[in-house]
Each structure stands twice: as C-alpha cells, then as structure tokens.
Amino acid sequence: MTDQSAAARRISELRQAIDRANHQYYIEDAPELPDAEYDRLFRELQALERDHPELLTPDSPTQRVGSEPASSLTKHPHLRPMLSLANAFSPEELTAWEERNARLNPDVRTGGYAAEIKIDGAAICLTYRHGRLVVGATRGNGTIGEDVTANLRTIPDVPLVLRGSDHPALMEVRGEVYFPIAAFRKLNRRREAEGEPPFANPRNAAAGSLRQLDPATTRSRRLRMFAFHVEVVEGEPPARTHHEMLEVLAGWGFPVETHRRRFPDLAAVQAAIPEYERLIGTLPFEADGIVVKVDRRDLQEDLGIVGGREPRWAIARKFAPEVAVTRLNEIRINVGRTGALNPYAVLEPVEVGGVTVSSATLHNEDQIAQKDIREGDYVEIMRAGEVIPQVIGPLRDQRTGAERPFAPPTECPACGQPVVRPPDEVMRYCVNAGCPGRIFEAIVHFAGRDAMDIRGLGAERVRQLLDAGLIRDVSDLYRLRVDELVALDRFADQSAGQLVAAIADSTHRPLALLLFGLGIRHVGKNVAQLLARRFGTLAALRAADQDTIGEVPGIGPTIAAAVVEFFGAAANADLVDRLVAAGVATEEPNVAPRGDALAGKAYVLTGTLPTLSRTDAAALIENAGGRVTGSVSKKTDAVVAGADAGSKLDKARELGIEIIDEAELLRRVGREA
Ligand code: IVH
C-alpha cells in the first residue's frame with residue numbers, strides 16, 4: 001500500500017470515529033470516548049491532513065475549527081423561500097386557524113397535527129448535496145440570506161456529512177441556532193468582566209454570534225442548533241408526515257427538539273397547551289411558544305402559502321411573557337471592575353413567572369432616557385424565560401408628578417471622582433484606578449473561581465477586609481495573618497487559618513489564571529490562556545510590544561493595545577511588582593519561552609512521555625518554531641518516543657529518522673529536565 005492510500009484510509013477512519021464521538025457528545029448526550037482520546041484522534045487527523053493537503057475536504061471534522069476571517073459576509077439566495085409564521089395568541093385564534101384551513105380542505109380536521117417547541121434563536125438554512133453540507137446561510141429577507149457556512153461549521157450540532165444513505169440529491173434543512181441560557185449568562189458575565197456591553201437576550205447573542213466575520217469567534221460562543229424542516233429540491237421527499245420527517249432528520253444526525261408530539265386533532269393540541277406553557281420556562285434555552293403544524297405533507301401542499309410569506313399549514317401558538325407591574329423605587333449605580341457605571345433599578349419586590357424580583361438591569365443611560373424611566377414610576381417588568389428581568393417601560397398615566405427623571409452621575413458614587421463618557425460609548429466610567437468601588441470588584445474577580453480561585457474569599461469577606469483596612473488591593477491579601485483575621489467578626493480560628501492557607505495556595509496558579517485575575521480589559525479566560533502559552537512568563541509578556549502581542553493567533557490589535565496599556569500604567573506596574581514580591585507564580589507550566597530552536601523542523605510524538613502530556617509536548621515544539629505532524633515520513637526530522645511507542649517508532653527506525661526522548665526534547669527547547 002502506498003503512503004498516500006494508507007493515509008487516506010486512516011483519515012477516513014479518524015473522521016468516522018470523530019463524527020461518531022461528536023454525535024454521542026452533542027446529540028445523544030452520551031459520550032463514550034474519553035476527552036483525551038478524542039483529542040488524540042483529532043490531532044492525528046489534523047497532522048495527517050497537514051501532511052496530505054490533497055486529502056483535506058471541507059466536511060472533515062477538523063474544518064469546524066474555522067477558516068480565515070472574512071472581510072464581509074456574502075449573499076446567498078435560498079433555493080426555496082424561507083417562510084415566516086402567522087401567530088395565534090389565544091385558543092380562539094388557534095381554532096380560527098383550523099376553521100380557515102378546513103374551508104380549503106376539510107380533511108385537516110382529522111389528518112392530525114404535529115406540535116413542537118418554537119425555539120427563539122436565529123433561523124438558518126443548511127444546503128446539503130448528496131448528504132454533504134455545502135452552504136449554511138442566515139434567513140436574511142427570506143429570499144436572500146447571508147452565507148455563514150464557515151461559522152455554522154464551527155457548531156458541533158451541525159452535521160457536515162449526514163448519517164445513513166437515502167439522502168435527497170439536493171435539499172435545504174431549516175432550523176434554529178440558539179444560545180443555551182446558561183452559556184448566555186456566562187457570556188454576558190464575561191463581557192461585563194471584560195468591559196464589553198452585554199447582549200440584551202439570547203436571541204440577539206445567537207444572531208450576533210452567527211454573523212461574525214471570524215469563525216473563531218463564533219466557535220468560542222458555543223452555539224447550538226435544532227432542525228425542524230426540510231425542503232427537498234432534487235430527489236424524493238423523505239416522509240409523508242411532518243412527525244415522520246422529524247424522525248428522519250434525527251436519523252440523519254440532526255438535533256431535533258425532544259418535546260415534539262403528534263396529536264389526533266386540534267382539541268388535543270388545545271388541551272396540551274397549559275402543559276407546554278409550564279414546560280417553556282424550564283427549558284435550557286429560550287422559547288416563546290409552540291409551532292402547530294398540519295401533519296400530513298399532502299394536506300400541507302394542498303393548503304399552500306399565504307401572501308408568499310407564511311405557510312397556511314403551520315402557526316405559532318405564542319405564550320405571552322410574564323409581565324408584572326411594580327414601583328421603581330430608585331435607580332442606583334454599580335461600579336464595575338473596569339470602572340463602568342452600571343445603572344440598575346431597585347424595585348418594590350414583585351413576583352414574575354414564579355420568581356420574586358427586586359431589581360432589574362437598566363443597561364445604560366440612553367435606554368433610560370429613551371424609555372423615559374423615572375424614579376418613583378410604576379413600571380412593567382418582564383421576565384422572558386430564564387433571563388434577567390427587564391424593565392419594559394413606565395406606566396405614564398400612573399404618574400403623580402413626584403417622579404424624578406434620572407440624572408446620570410457626574411461623579412463616581414463610590415469615590416466621588418469625576419466620571420467620563422467616551423464619545424463613542426453608551427457607558428460612563430470612573431477612571432480612578434484607586435476607586436474603592438472598582439477595587440472591591442477587582443478583588444472579588446481576582447479571588448474568583450475562574451481566576452486565582454481563593455476558597456472562602458467571596459464578596460462579603462472582601463468587603464469586610466476592605467472595611468477593616470486590612471487590604472487595599474490584591475497584593476495585600478498575601479500579607480494577611482491569622483491573628484488579624486481572628487480579631488474580625490465572624491472569623492473563628494479555623495476559618496481564619498483556612499483563608500490564609502487558601503491565599504497561600506493561590507500563589508501556585510499558572511500564569512494564565514493570574515493574567516485573567518488581573519482584570520486587564522478585553523483579557524478573558526481564553527485570551528489569558530493564549531498570552532500565557534505564547535509568552536510563558538509574566539516578564540516576557542511585560543517586555544513585549546504591541547506588535548508582538550498582536551501577532552499571537554487569536555489576539556488582535558485591540559487586545560494587544562489593552563495589554564500594553566495595562567502594564568504601562570504605573571499603578572498597575574506597581575501592583576504587579578508587589579504581587580511578584582509576595583511570591584505569586586509568574587510562569588505558565590510546561591511552556592517554554594518562544595524561541596526558534598526548532599525552526600522549520602517537523603517532529604512526531606509517539607508513546608507516553610514521562611512527564612509531558614501530548615498537548616504540552618506539542619506546545620513546546622511549536623513554541624520553539626517546530627511543527628508536530630502525525631505520521632512519520634522522510635520529511636520528519638525527529639521522533640520523540642515515550643513508553644509503549646508503536647508503529648511510528650518502527651517506521652522511524654526503518655527510515656533512519658532520529659529518535660529522541662523527552663529529556664532530549666526539553667534540552668533542545670532550552671528547558672533542561
Ligand atoms: S417552522 C415553513 N418550527 O420561527 C416552516 N419554525 O416566526 C416554517 N422557529 O422563521 C418554520 N422554532 O426560524 C418552525 N419548531 C419550529 C420553529 C420555528 C423556531 C422559527 C423559524 C421561523 C420563525 C417564524
């Protein structure tokens with residue numbers, strides 16, 4: 001067998017194994033392959049494809065990782081129009097819908113209905129030719145959408161190649177891309193931590209994430225999708241009823257929402273509505289109702305489309321979001337870690353959708369002005385799904401004249417210093433780096449689980465330490481003594497000892513966590529990781545200029561500028577020096593400072609190395625300018641072999657390729673073992 005055909009065979013095996021694992025993980029929710037094994041297969045496939053670019057195809061699972069950022073999105077005409085849906089807000093409107101249809105074809109009354117959750121996300125259209133994804137597009141105006149194929153490929157739910165064999169030659173699969181609520185909350189928390197405006201709701205976040213020019217951004221957002229419709233353009237329709245078609249879609253590997261049901265008639269649908277209404281608030285994604293569809297495809301075709309826009313055979317039965325009225329007592333400002341002044345409403349507690357709400361975000365002063373929200377107003381509050389309560393607006397006819405319009409702060413409520421509003425931003429900022437409001441948030445962030453992870457140091461404790469004058473910034477934490485803490489309220493010997501120990505323990509965190517903990521603008525967890533891996537030490541990062549930082553893949557000029565600005569500010573530089581003096585670790589483990597010791601060299605890893613994981617060994621090689629490939633060929637410069645090395649080692653011997661061990665690798669990259 002030639003090298004080429006062996007590679008082709010292995011590539012095909014790997015793709016199948018990875019696709020199977022993705023399906024188990026994302027769609028069946030029942031992963032079988034351990035993560036480490038998955039990573040190993042994935043890297044092997046990547047390496048083989050790198051060595052055999054002629055065998056790389058766009059449907060390879062490695063291609064989800066993303067292509068180069070585009071400069072703009074191109075238009076994509078849909079093969080069939082993407083329709084919208086008529087709405088029914090009450091049982092009567094749903095009945096009226098059946099009446100109208102029955103006048104066109106009385107069989108609808110007895111032909112059965114399918115009902116499913118109406119997912120509140122962004123509509124997408126996936127074109128498959130002979131079972132392979134060729135284009136993915138947004139809805140656009142229904143006739144022409146935007147080509148977001150590269151972005152959709154990064155969503156693991158989107159099948160690149162369909163399972164099974166009986167696929168129509170050409171079809172469009174329609175569905176919805178959505179943001180799981182938990183991921184949405186996390187994203188917004190992160191954006192706020194990084195000083196970026198939060199998304200208003202999961203739908204906007206999904207649509208925005210889908211229309212990114214850089215697929216890597218879409219990928220990082222962890223979007224999901226559900227499929228609910230097929231338009232066959234060439235070939236046989238796959239089923240005679242809608243509910244069967246959903247099963248076919250599931251069989252092809254699409255995620256199909258599980259609360260789909262078939263009902264014998266409309267009375268049965270109506271009877272199930274209260275159940276659906278209760279269900280909706282408990283789903284892990286946003287939904288605003290159900291879609292009721294005439295089940296039989298022949299009846300669907302008979303009924304056709306109204307006004308070129310909406311099918312007669314489907315209707316959205318929408319549930320009103322839960323709304324409540326309450327008094328807005330006060331508008332207060334919370335000072336964020338970046339100095340952003342976030343207005344929020346203090347409400348008279350009220351129950352909305354089964355939860356007592358006593359505050360609501362007001363986003364920014366422009367929104368407050370636009371909605372004309374005043375202190376003392378009676379306001380309508382909405383809680384859609386699981387998301388943060390929103391103020392819809394004031395009830396103007398309930399005003400007494402005593403309401404007070406909101407005056408945006410000119411001074412920081414925490415430190416009294418003047419605030420600024422940058423010309424192109426909607427937020428005001430306190431620019432005082434020593435502002436107690438900012439410092440409080442900064443310390444809470446530093447100690448947080450995703451940063452230095454100091455157990456037992458939550459917001460309340462931080463407040464207590466600040467108020468007692470024991471700390472002024474994060475570096476003071478490392479000087480705290482048990483006897484000082486025991487003197488405070490609510491501190492027993494044991495808890496004081498535990499806190500001091502937890503703080504000491506945090507000195508061993510990797511550089512990435514320290515960088516994230518410092519709260520540099522735009523430096524979230526992922527960016528911190530990239531910086532730490534690339535520079536290896538805090539000193540190297542501090543010494544780097546903006547161009548060097550901007551060259552790190554995944555880091556652009558904005559982030560690079562923010563990093564340089566951070567370390568350039570004297571107060572920050574002092575703080576970092578004090579942290580270093582306190583003994584905080586400043587290295588990323590297993591990452592060598594970048595060099596060119598292995599420039600242009602191709603290395604192959606095989607077997608289990610004594611101390612380095614595969615990922616770390618590969619990072620060492622890549623950081624030293626080398627390349628890691630998956631298979632041994634004449635082009636390989638050296639093979640790093642560990643325990644239980646297999647055929648790659650034999651192959652290296654056969655071709656006379658140099659074989660080295662971990663210690664030698666460490667020596668070559670300037671990291672003596
Ligand atoms: S059926 C011809 N089913 O709602 C097929 N749509 O408001 C029409 N949507 O554009 C769509 N969940 O993006 C259908 N289970 C579901 C849906 C659903 C969400 C979206 C879809 C459509 C919009 C109309």
Side-chain angles (χ1 to χ4, degrees), residues 78-89 93-94 97 101 113-126 136-146 148 152 157-158 171-180 201-204 206-207 210-211 223-233 237 239 241-243 245-247 249-250 254-263 269 272-273 276 279-280 283-297 299-321 384-385:
H78 301 300
L79 300 173
R80 298 275 164 80
M82 278 183 86
L83 305 177
S84 56
L85 291 174
N87 292 320
F89 290 97
E93 288 180 15
L94 198 56
W97 168 68
N101 286 340
Y113 289 100
E116 63 204 61
I117 303 295
K118 183 168 191 299
I119 303 119
D120 201 6
I124 54 158
C125 176
L126 304 167
T138 61
R139 179 173 188 278
N141 63 9
T143 308
I144 298 176
E146 281 172 317
V148 287
L152 284 168
D157 285 332
V158 173
M171 65 176 167
E172 290 182 330
V173 174
R174 269 74 184 275
E176 202 86 352
V177 160
Y178 65 94
F179 228 109
N201 55 50
R203 175 169 17 98
N204 291 8
L210 200 53
R211 299 186 62 258
L223 295 170
R224 306 296 307 260
M225 73 92 64
F226 282 124
F228 46 66
H229 187 74
V230 183
E231 285 287 335
V232 173
V233 182
T241 62
H242 180 70
H243 82 273
M245 191 176 70
L246 292 181
E247 298 315 313
L249 279 172
F254 288 96
V256 180
E257 214 286 320
T258 52
H259 296 93
R260 54 185 185 271
R261 279 170 71 182
R262 192 186 175 277
F263 294 94
V269 177
I273 299 278
Y276 274 118
L279 174 72
I280 285 250
L283 296 171
F285 52 86
E286 288 272 284
D288 55 349
I290 60 172
V291 185
V292 184
K293 299 173 180 177
V294 169
D295 197 28
R296 273 169 46 187
R297 301 261 313 142
L299 291 176
Q300 290 185 358
E301 265 159 43
D302 206 39
L303 292 171
I305 292 166
V306 221
R309 255 174 358 102
E310 292 165 0
R312 281 198 188 80
W313 50 264
I315 192 159
R317 171 69 173 88
K318 288 210 175 165
F319 308 143

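Each ligand, and each atom within it, is numbered from 1 in the order the structure gives. Start at 1 with the first residue, then count along the sequence.
Under a 3.5 Å cut-off, the side chain of R260 and the backbone N or O of E257 do form a donor-acceptor pair. Not one N or O on the side chain of E231 forms a donor-acceptor pair closer than 3.5 Å with the backbone of E172. Looking at R80, its side chain does come within 3.5 Å of a backbone N or O of V232 through a donor-acceptor pair.
Between W313 and H229, the two ring planes are parallel [angle under 30°; tilted spans 30° to 60°]. In this structure, Y113 and W97 have tilted ring planes: the angle between them lies in the 30° to 60° band.
A side-chain donor from one of E116 and H242 sits under 3.5 Å from a side-chain acceptor of the other.
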Under a 3.5 Å threshold, I'd like every N/O contact between ligand 1 and protein atoms, with atom names and distance.
{"residue": "ligand 1", "atom": "3 (N)", "partner": "K293", "partner atom": "NZ", "Å": "3.0"}
{"residue": "ligand 1", "atom": "4 (O)", "partner": "K118", "partner atom": "NZ", "Å": "3.3"}
{"residue": "ligand 1", "atom": "7 (O)", "partner": "K118", "partner atom": "NZ", "Å": "3.3"}
{"residue": "ligand 1", "atom": "12 (N)", "partner": "I119", "partner atom": "N", "Å": "3.0"}
{"residue": "ligand 1", "atom": "13 (O)", "partner": "E176", "partner atom": "OE1", "Å": "2.6"}
{"residue": "ligand 1", "atom": "15 (N)", "partner": "E116", "partner atom": "OE2", "Å": "2.8"}
{"residue": "ligand 1", "atom": "15 (N)", "partner": "I117", "partner atom": "O", "Å": "3.1"}

